[in-house]
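Everything on this sheet refers to the single structure shown next.
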Amino acid sequence: MVPAEPTAGDWSTDPKYLSIDGRRLAYDTYGDPTGRPVLFCHGTPGSRLLGRLLDAPAAERGVCLITPDRPGIGDSDDADRGIADWPDDAAALLARLDADAAGVVGFSGGAPFALACHRLDAVESVTLVSGSGPPGVGDRGRAQRAMGALARHVPRLCAPLVRLQRWALSRQGPDAALGLVADTPPETEALTTDEVAELVQADVLAATSRGPGGVVRELGLLAGPWPFELDAVSVPVAVLQGRRDTNVAPATGEALADRLPDATLERVDSDHLGTLCLAAGRALRGPTPV
């Protein structure tokens, strides 16, 4: 039985859908509907709902933020697709929205999916916020490493743990979910700390609303070798890394910036989610002013 979603602060929206080879890819848009397109790659576990966190700063900066659920996540149909396959889905979505030129933002576990989009003609730049690195590049928190190893090598044992986490988070207050990604409650330009906590809870629960398969697959992908070399990334990259991030070690941002051919590093005095909240405007701008 799937646990009921929290009733406080209902952040869910009716998704839009794109059909790709007979499967549905769910997405939402935030900010300015006619603005500069920016594709948002959510974390793991995470979903399109977290884009609501950037709604106000996107609107203020003339950005149309496009937030898809990756396969098996949220309202998107499941499919056995990896990091190397994601650019094809992203290209189909950008084409659907007539986006000939776009930026990409990758948050946390969305980093490799964002960087993989460098090969798309429409993608002009990538911004990584609290972004994970491939094995051997930086480090992640102990819990993230353990779940990743389990998902990569024994996924059948990881799935029950993901289900258990969802069950627990659905019955606890929003602060429990917020504690997974923040040491201190962040506040944004438009949302209070309580609203941010409610949004994070809805986001994490939405990630596994169709079961744990998509999240388990992504945890395993993040723990394994990436399907491209960092020095092959062909677009400018901005790396925003929190100084107090306990989910992704601060050294990870430094290592990514060192290995990417055209990258800048900006250190933010915050934790994992706080970096996204505090540096939202910077993330939406991309590596260079528009």
Determine whether a donor-acceptor pair (N or O, by modelled atom type, separation under 3.5 Å) exists between the side chain of R282 and the backbone of G286.
yes

Ignoring hydrogens and angles, tell me if any N or O in the side chain of S270 forms a donor-acceptor pair with the backbone of G242 under 3.5 Å.
no

Tell me whether D203 contacts the main-chain N or O of S47 through its side chain, where contact means a donor paired with an acceptor under 3.5 Å.
yes

Tell me whether R244 is salt-bridged to D183, with the criterion being a basic N under 4.0 Å from an acidic carboxylate O.
no

Do H42 and T67 meet the criterion of a side-chain donor-acceptor pair at a distance under 3.5 Å?
no

Salt bridge (charged side-chain N to carboxylate O under 4.0 Å, His left out): which pairs involve residues 209-234, sequence neighbours left out?
R70-E218, D77-R210, D78-R217

Return the SG to CD1 distance between C117 and I83, rounded to the nearest 0.5 Å.
11.0 Å

Clusters formed by hydrophobic residues whose side-chain heavy atoms approach within less than 4.5 Å: which one holds L219, and what are its other members?
I73, M147, L150, V154, L157, L161, V162, V215, V216

Do any N or O atoms from the side chain of H272 and from the backbone of N247 form a donor-acceptor pair under 3.5 angstrom?
no

Applying side chain to side chain contact (heavy atoms under 4.5 Å, CB included), can you list everything that pairs with T184, at least two apart in sequence or on another chain?
D271

Do F107 and V204 sit in one hydrophobic cluster, given that two such residues count as connected whenever their side-chain heavy atoms are within less than 4.5 Å of each other, even indirectly?
yes

When you measure from the side chain of S108 to the backbone N and O of G110, does any donor-acceptor pair fall under 3.5 Å?
no

R81: what forms a side chain to side chain contact (heavy atoms under 4.5 Å, CB included) with it, not counting sequence neighbours?
R23, P71, A79, D85, D88, D89

Between the side chain of E266 and the main-chain N/O of A238, is any donor-acceptor distance below 3.5 Å?
no

Check the pair Y30 / I66 against side chain to side chain contact (heavy atoms under 4.5 Å, CB included), numbers first and verdict last.
CA-CA 7 Å; Y30 296 93; I66 307 161; over 6 Å; no

Looking only at the side chains, is there a donor atom on one of T192 and D194 sitting less than 3.5 Å from an acceptor on the other?
no

Excluding sequence neighbours, so at least two apart, what forms side chain to side chain contact (heavy atoms under 4.5 Å, CB included) with P15?
Y17, A26, D28, R48, D75

Sequence neighbours excluded, every pair satisfying ring pair (Phe, Tyr, Trp, His ring centres under 6.0 Å) that has a member inside residues 191-249:
W226-F228

